[in-house]
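This report refers to the structure that appears directly beneath it.
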Amino acid sequence: VYSRNKIRLNVMPILSTINFAASENISVTIENLAEANKIYEHYIKEAISKCLTTVGNTQVINIENLMSAVSPRSVIHEIVAPLGFTHAQEQDILRATTGEPGRIFSAKQWRLLIDRGQIIIAPIPTEESNIEQKYRFASHTGCLIVKGLGKINYNIVDNENIEFKTDKRFAYFDVDKMQGPFTIRSVQQGDSFTPFGLKGTKLLSDFMTDIKLNRFEKESQKVMCDGNQIAWVIGERSSDIFRVDTTTKKVLILELIKE
């Protein structure tokens, strides 16, 4: 608005002395450009809605839907430029969508991953999000605040008429099979656990690959440990070692609520 007024007040009078029609022609052009910009903004908003979804603080772009847009370059620009990605990176990102998955681009506070038909944009993790945190269930009900993840509601109840939910946000444990204290931490190299429903152990890296977590998800995945044993790959799978059975008296119910 400031620039437009400056042109109108300072430049236009000078142009009018050179060409009487210049002022009117430029005004018409400005109005036309303003109308064209409305069309652009409407189209971009529609194109972004077709290819972009947001889950928590992560944005996911469907590459097929992106490339079906009239101008994929304009769409990707409007998504990533406000996050600090450069014009050169925008061009490289588009080229990378047809190459091998796994390429990563970084801006000041964000990083972008090309992964199996998707472009995934997530905040760069902070050191605070990787801090190991210890907890005790001090009462029969409460809430644990987990940095970099969200919160976990917990309840300890009698093993009577419990409605077991299959939603991965919930996990159930036999209280008497657990010792504590409990630690919530990031995944470490060589981690293994016994997935619910199985009897043998499995490397956590293999498990995460099997359930098709992308690289960012693997790096941000948290586990809850009882002593040295992983009890819960949080939000994904609990350990069979602590499963509830017919002999269980008390049940620990956990519910993950992500940030």
Side-chain angles (χ1 to χ4, degrees), residues 1-126 129 148 150 212-217 219-220 257-259:
V1 174
Y2 171 79
S3 297
R4 187 166 64 242
N5 288 338
K6 190 172 183 180
I7 291 172
R8 180 174 59 84
L9 295 174
N10 299 321
V11 178
M12 301 291 276
I14 297 174
L15 289 175
S16 296
T17 63
I18 300 172
N19 185 337
F20 180 76
S23 178
E24 182 178 354
N25 291 339
I26 291 174
S27 294
V28 170
T29 300
I30 291 174
E31 289 178 7
N32 290 340
L33 289 174
E35 292 301 308
N37 187 61
K38 290 179 183 179
I39 296 173
Y40 172 83
E41 289 181 349
H42 174 79
Y43 166 78
I44 284 295
K45 184 176 180 180
E46 186 176 280
I48 289 175
S49 69
K50 290 180 179 179
C51 69
L52 179 68
T53 56
T54 301
V55 181
N57 55 11
T58 299
Q59 300 179 62
V60 180
I61 302 171
N62 181 290
I63 292 176
E64 182 178 356
N65 292 347
L66 169 67
M67 301 311 291
S68 69
V70 173
S71 176
R73 180 175 172 180
S74 296
V75 177
I76 200 71
H77 168 77
E78 295 294 340
I79 295 172
V80 306
L83 304 179
F85 291 91
T86 67
H87 175 70
Q89 285 179 309
E90 293 171 19
Q91 295 178 309
D92 288 341
I93 289 166
L94 284 177
R95 282 193 287 265
T97 60
T98 59
E100 289 293 321
R103 189 167 178 187
I104 293 176
F105 300 84
S106 297
K108 186 175 181 180
Q109 295 178 310
W110 296 85
R111 55 183 184 164
L112 182 151
L113 169 68
I114 309 295
D115 182 81
R116 294 172 297 189
Q118 297 179 324
I119 299 173
I120 301 162
I121 309 169
I124 294 176
T126 62
S129 65
K212 294 182 168 52
L213 294 189
N214 63 57
R215 179 172 173 177
F216 290 172
E217 290 170 329
E219 291 176 0
S220 64
I257 300 176
K258 289 188 175 181
E259 291 178 332

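Below, all heavy atoms of this structure are taken into account, side chains as well, without hydrogens, waters or symmetry copies.
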Point to revise | Worked verdict on Met67 versus Leu94 for side-chain contact (heavy atoms from CB on, under 4.5 Å) | key: CA-CA 9 Å; Met67 301 311 291; Leu94 284 177; 4.2 Å; yes

Practice item. Provide the full list of side chain to side chain donor-acceptor pair (under 3.5 Å) pairs with a residue in residues 69-80, sequence neighbours left out, each pair given once. Key: Tyr40-Glu78, Ser71-Ser74, Arg73-His87, His77-Glu90

Practice item. Supply the atom-to-atom distance Ile104 CD1 to Leu113 CG, rounded to the nearest 0.5 angstrom. Key: 5.5 Å

Check your understanding: Are the side chains of Leu83 and Leu112 in touch, meaning some heavy atoms are under 4.5 Å apart?
Key -> no

Check your understanding: Which pairs pass side chain to side chain donor-acceptor pair (under 3.5 Å) with one or both residues in residues 41-59, sequence neighbours excluded?
Key -> Asn37-Glu41

Check your understanding: Taking atom CD of Glu217 and atom CD1 of Ile120, what is their separation to the nearest 0.5 Å?
Key -> 6.0 Å

Study note, to complete from the structure: Residues Ala96 and Arg103: closest non-hydrogen pair is CB-CD, 4.1 Å

Review point. CG of Asp92 to CD1 of Ile114: how many Å apart, nearest 0.5 Å?
Key: 10.0 Å

**Study point:** Atom CZ of Arg111: over 12 foreign heavy atoms under 6.0 Å
**Key:** yes

Point to revise | Approximate separation, where rounding is to 0.5 Å, of Ile93 CD1 and Phe85 CZ | key: 5.5 Å

Review point. Measuring from Thr97:OG1 to Ile61:CD1, what's the distance to the nearest 0.5 Å?
Key: 10.5 Å

**Study point:** Separation of Ile79 CD1 from Ile48 CD1 (nearest 0.5 Å)
**Key:** 4.5 Å

**Study point:** Option passing side-chain contact (heavy atoms from CB on, under 4.5 Å) with Val75 (candidates Leu66, Asn65, Val70, Val80)
**Key:** Leu66

Review point. Is a side-chain N or O of Asp115 found less than 3.5 angstrom from the main chain of Gln118, in a donor-acceptor match?
Key: no

